[in-house]
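Side chains included, hydrogens not; waters and symmetry mates left out as well; all remaining heavy atoms used.
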Amino acid sequence: SPLCSFARPAPPPQSGWERLRELWRRDERQRLPEETVNMAKGAFTGGLAGWLYGGLPAFRRARAAFVSGSHGELFQNRAHALQSAHQAGLRGFIRYGWRWSWRVATFVTIFNMVSTGLSVYRNKTTISNFASAGAFTGALFRMHLGLQGLAGGFLFGAAFGIPAGGLLMGVQSLAGESLQEKRVRERRELYEQKLAEWQSRLNVTEVLGETESSTQGGLETDSKRI
């Protein structure tokens, strides 16, 4: 039957779990969802910011410590002394920068995953999503310190999540819609486009089927006359 020649396009995901699964699926062009790409960008930016935050002060401290502790050492020339001081600073930059980098990157990644997951699951972006994500991430990072550390991390994370979420929502509002609203709109528009294309193909198939039936009927009539 012509009606069964093409499968009707699947509607946009209706449940929260279906929307969450979509976060890790590539589209027809093999592109990941914008939310997933933003999480990766956030992890990289957080790692870079953490490295600079921990590395630059460590560079200055290590360089100063080398200079103050090397008065009795002999150097070939001034350039050699400066090079040795910079190498000491660079070692401090790498060592302490890395310590801060992976911690900040991990914190930002977990925070973004939880806040994005809540927004996608609930199908709306609210400040409570960011507060909950911050509280969860802060508690996770401090749970090794016992109940007191868990409570402190929870409060710190919530206090971090509220202004961070407000800032992100403010930036998104400048574009006229939140990332979640944009995602919903794009899903709806894509579904409507696919539905229109499906209906168009279906109509063409029906017309071709009717034409083929008419042609076969005419041939049968002609053969009977002969």
Side-chain angles (χ1 to χ4, degrees), residues 20 23-26 30-70 81-121 125 127-172 174-175 178-180 183:
L20 282 176
L23 280 176
W24 315 107
R25 292 177 183 166
R26 295 181 182 271
Q30 296 301 306
R31 296 178 306 180
L32 287 170
E34 188 175 354
E35 297 96 330
T36 309
V37 175
N38 286 344
M39 282 191 279
K41 291 179 179 178
F44 175 79
T45 303
L48 181 61
W51 202 307
L52 293 175
Y53 178 81
L56 290 178
F59 177 88
R60 290 193 294 267
R61 287 195 301 268
R63 189 172 181 274
F66 177 85
V67 171
S68 62
S70 62
L82 289 174
Q83 183 182 12
S84 299
H86 280 297
Q87 287 175 348
L90 186 60
R91 286 192 294 270
F93 177 81
I94 294 173
R95 180 181 178 184
Y96 290 97
W98 166 246
R99 288 185 181 182
W100 276 95
S101 178
W102 75 263
R103 286 180 171 85
V104 175
T106 304
F107 185 96
V108 171
T109 300
I110 297 173
F111 174 81
N112 283 338
M113 287 181 67
V114 176
S115 61
T116 301
L118 287 172
S119 296
V120 170
Y121 183 83
T125 302
I127 199 70
S128 62
N129 294 346
F130 297 100
S132 300
F136 174 82
T137 309
L140 190 66
F141 262 68
R142 305 287 289 180
M143 64 185 301
H144 67 284
L145 298 177
L147 188 60
Q148 187 174 358
L150 188 71
F154 182 92
L155 294 175
F156 168 79
F160 165 81
I162 291 173
L167 178 63
L168 289 172
M169 290 176 66
V171 171
Q172 291 180 10
L174 295 176
S178 69
L179 194 60
Q180 190 59 30
R183 181 76 170 155

Any luck finding a side-chain donor-acceptor pair between N129 and S115 under 3.5 Å?
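Not at all, the side chains of N129 and S115 share no donor-acceptor pair under 3.5 Å.
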
Practice problem: Please identify each residue that fulfils salt bridge (Lys or Arg N to Asp or Glu O under 4.0 Å) with R25, with sequence neighbours left out. | Solution: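 For R25 there are no salt bridge (Lys or Arg N to Asp or Glu O under 4.0 Å) partners, ignoring immediate neighbours.
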
Are [X] and [Y] side-chain neighbours, meaning at least one heavy-atom pair lies under 4.5 Å?
{"X": "L56", "Y": "F93", "value": "yes"}
{"X": "F111", "Y": "F160", "value": "yes"}
{"X": "R31", "Y": "R26", "value": "no"}
{"X": "R91", "Y": "R95", "value": "no"}

- Query: Is the CZ atom of F107 crowded by more than 12 outside heavy atoms at less than 6.0 Å?
  - Reply: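 Yes.
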
Worksheet item: Quick one: CZ on F44 to OG on S101, what's the gap to the nearest 0.5 Å?
Response: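 So the CZ of F44 and the OG of S101 are separated by 9.0 Å.
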
For residues 131-146, please give each side-chain donor-acceptor pair under 3.5 Å, one per line with the distance, not counting sequence neighbours.
| unit_1 | atom_1 | unit_2 | atom_2 | d |
| --- | --- | --- | --- | --- |
| S132 | OG | S128 | O | 2.8 |
| T137 | OG1 | A133 | O | 2.7 |
| H144 | ND1 | F141 | O | 3.2 |

Looking only at heavy atoms, what is the nearest atom pair of A62 and G92, with distance?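 In this case the closest contact between A62 and G92 is CB-CA, 4.3 Å.
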
**Asked** Taking all atoms of both residues into account, what is the closest heavy-atom pair of V104 and G46, and its distance?
**Response**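 Answer, listing the atom of V104 first, then G46: CG1-O, 3.1 Å.
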
Checklist entry - Pick one: which of L118, N112, T116 meets side chain to side chain contact (heavy atoms under 4.5 Å, CB included) with V114? => result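 Testing each of L118, N112, T116 against V114, the sole residue satisfying side chain to side chain contact (heavy atoms under 4.5 Å, CB included) is L118.
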
Just to verify, what does A43 make a side-chain contact (heavy atoms from CB on, under 4.5 Å) with, not counting sequence neighbours?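 A43: side-chain contact (heavy atoms from CB on, under 4.5 Å) contacts with T109.
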
side-chain contact (heavy atoms from CB on, under 4.5 Å) partners for A105, two or more places apart
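Once residues adjacent in sequence are excluded, A105 has no partner under the side-chain contact (heavy atoms from CB on, under 4.5 Å) criterion.
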
Using atom types as modelled, flag every donor-acceptor pair under 3.5 Å from a side chain in residues 35-42 to any protein atom, sequence neighbours excluded.
| unit_1 | atom_1 | unit_2 | atom_2 | d |
| --- | --- | --- | --- | --- |
| T36 | OG1 | L23 | O | 2.5 |
| N38 | ND2 | E34 | O | 3.4 |

Query raised in the report: If you look only at pairs with a residue in residues 50-60, which of them pass as a side-chain hydrogen bond (donor to acceptor under 3.5 Å, both in side chains), with sequence neighbours excluded?
Result: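 Not a single pair qualifies under side-chain hydrogen bond (donor to acceptor under 3.5 Å, both in side chains).
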
